[in-house]
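One structure is given here, and the rest of the page talks about it.
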Number of protein chains: 2
Amino acid sequence: MSLRHALLGLLAQGPASGYDLMKLFEISLANVWPATQSQVYAELGRLAEAGLIKVSAEGPRGRKEYAIEEGGLAELRHWVTEVEPTAIRRSDMLLRVFFLGQVHREQARAFMRRRAEASGELHERLKSLQDIVARGDDDLSVYGRIAMEWGLRFSAMQREWAEWAENEIARGQEGRISS
Amino acid sequence: MSLRHALLGLLAQGPASGYDLMKLFEISLANVWPATQSQVYAELGRLAEAGLIKVSAEGPRGRKEYAIEEGGLAELRHWVTEVEPTAIRRSDMLLRVFFLGQVHREQARAFMRRRAEASGELHERLKSLQDIVARGDDDLSVYGRIAMEWGLRFSAMQREWAEWAENEIARGQEGRISS
DNA sequence: ACGGACATGTAATCGGTTACATGATTAC
DNA sequence: GTAATCATGTAACCGATTACATGTCCGT
């Protein structure tokens, strides 16, 4: 139930409407916790009902601005520091790796080559995003930079792994695998 | 809809019952695609109805052994080689990083220290698992090793990142962040 | 005889995705 | 006037989780 905490986290930086929050998701959290519009509005309703946030202002077009309450801040801090992050992570990429024995060895190598390529592209994309992102020493910059660094290291690691793997598969020589 | 392909992948290695498949999940795919018992039985029913697998034998206690069909193999191979793996990955760990500005700097450092620790433990756990896993040159060993290598590199990368991050936070000095 | 493993299923609930639906305000 | 943007909501569906429910076979 992390969408709830993503919303609390954004509201902790200041009041916002559902519409504002959607835009914030798109620019800041899109890569770590994507959310859809229907989801955001529904969860805001639940959060308000639970008393963790409240409608702080109403504007034109039925705009409702929400502000975080003390209970919401407490819940956010508790979740950040005391709830252990999820350990297991589904990966349909690694799932495919397990079944690479079902295709020709050359196809398996092409799979790895493509993975290396995609990771390289991600790495470049993040690097150019990094240049745009604020380089200040405020909280958001410090922690945003730390999250960004994870992405850079991850994409680099995955690219190197895929290249290593392509090579590893080649060592087994050509021909058909199984069947 | 990857559970479907996980099942096809396992059945591609040979016929099995729902019960067998559950055990296979636990030992081999638990870390990349966990599945529950109810899910497995339900999906087997759907796969059989779609003609991608069929009941190949019936045994005691209502045991139904499933075997993969040609259509199932084709679907599996198509999914492995031609369907692009999911790019975005949710991470409630990184989501927490974004909101670390909401807690004391010392708590943020403790968070990173704990992450480094957990990644180190994961790394060790995988290393000992590696020693147990078959070291042959058959398909499953080759590709199992490649997936394992990903885990080793990932956990190492994450540990190094967390240590770097803990340091990075320290550079901003002590005291309260925001609020 | 009995316990543990084998074996299959259903029901309720939840979080997430996609699509649909509607309307108000503002800038040009 | 009108198009873009602002703004909120509902409904159907899907995959995954948790809990419940039931019964059989095998080894000792």
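Letters A, B, ... mirror the listed sequences (proteins, then strands); counts begin at 1.
With distances taken from any side-chain atom of Met1(B) to the nucleotides dG23(C), dA7(C), dG15(D), the minimum falls on dG15(D). Picking from dG23(D), dG15(C), dT8(D) the nucleotide with the shortest atom distance to the side chain of Arg63(A) gives dT8(D). Checked against dA16(D), dG15(D), dT8(C), the side chain of Lys64(B) finds its nearest nucleotide in dT8(C). Distances were taken from every side-chain heavy atom of Ser17(A) (C-beta onward) to each of dG16(C), dT8(D), dC6(C); the shortest belongs to dT8(D).
Between Leu44(B) atom CG and dT8(C) atom P there is a gap of 8 Å when expressed in whole angstrom units. Between the CG atom of Leu47(A) and the P atom of dG15(C) there is a distance of 11 Å, rounded to whole Å. The distance between atom OH of Tyr19(B) and atom C1' of dT24(D), rounded to the nearest whole Å, is 12 Å. Atom CE in Met22(A) sits about 12 Å away from atom C1' in dT8(D), given to the nearest Å. Note: CD (Gln39(B)) to P (dA11(C)) measures 18 Å, nearest angstrom. Rounded to a whole Å, the CZ atom of Arg61(B) is 6 Å from the C1' atom of dT24(D). As a whole-Å value, the separation of Asp20(B) CG from dA5(C) P is 16 Å. The distance between atom CG of Leu24(B) and atom P of dA7(C), rounded to the nearest whole Å, is 13 Å.
Ion pair Arg113(A)/Glu106(A) flagged as a salt bridge, since at least one NZ, NE, NH1 or NH2 atom sits closer than 4.0 Å to an Asp/Glu carboxylate oxygen. Remark: Arg153(B) engages Glu149(B) in a salt bridge, criterion side-chain N to carboxylate O under 4.0 Å. A salt bridge is defined here as a Lys NZ or Arg NE, NH1 or NH2 lying under 4.0 Å from an Asp or Glu carboxylate O, and Glu58(B) with Lys64(B) fails to meet this definition.
Side-chain to base pairing of Ser38(A) with dT17(C): no donor and acceptor N or O lie closer than 3.5 Å to each other. In terms of polar N and O atoms assigned as donor or acceptor, the side chain of Gln37(B) comes within less than 3.5 Å of the base of dT8(C) in a complementary pairing.
The side chain of Lys23(B) places no N or O atom within less than 4.0 Å of a non-bridging phosphate oxygen (OP1 or OP2) of dA7(C). At least one side-chain nitrogen or oxygen of Tyr41(B) sits closer than 4.0 Å to the OP1 or OP2 atom of dT8(C). In this model, the phosphate group of dT17(C) is approached by a side-chain N or O of Arg90(B) to a distance below 4.0 Å at OP1 or OP2.
Looking at heavy-atom distances under 4.0 Å, Arg46(B) makes no contact with the nucleic acid at all.
Looking at every heavy atom in both residues, Phe98(B) comes nearest to Gly144(A) through CE2-CA, 4.4 Å.
In Glu70(B), the CD atom is not crowded: 12 or fewer heavy atoms of neighbouring residues, nucleotides or ligands sit closer than 6.0 Å.
Between Gly18(B) and Trp33(A), the one whose closest nucleotide on DNA chain C sits nearer the 5' end is Gly18(B).
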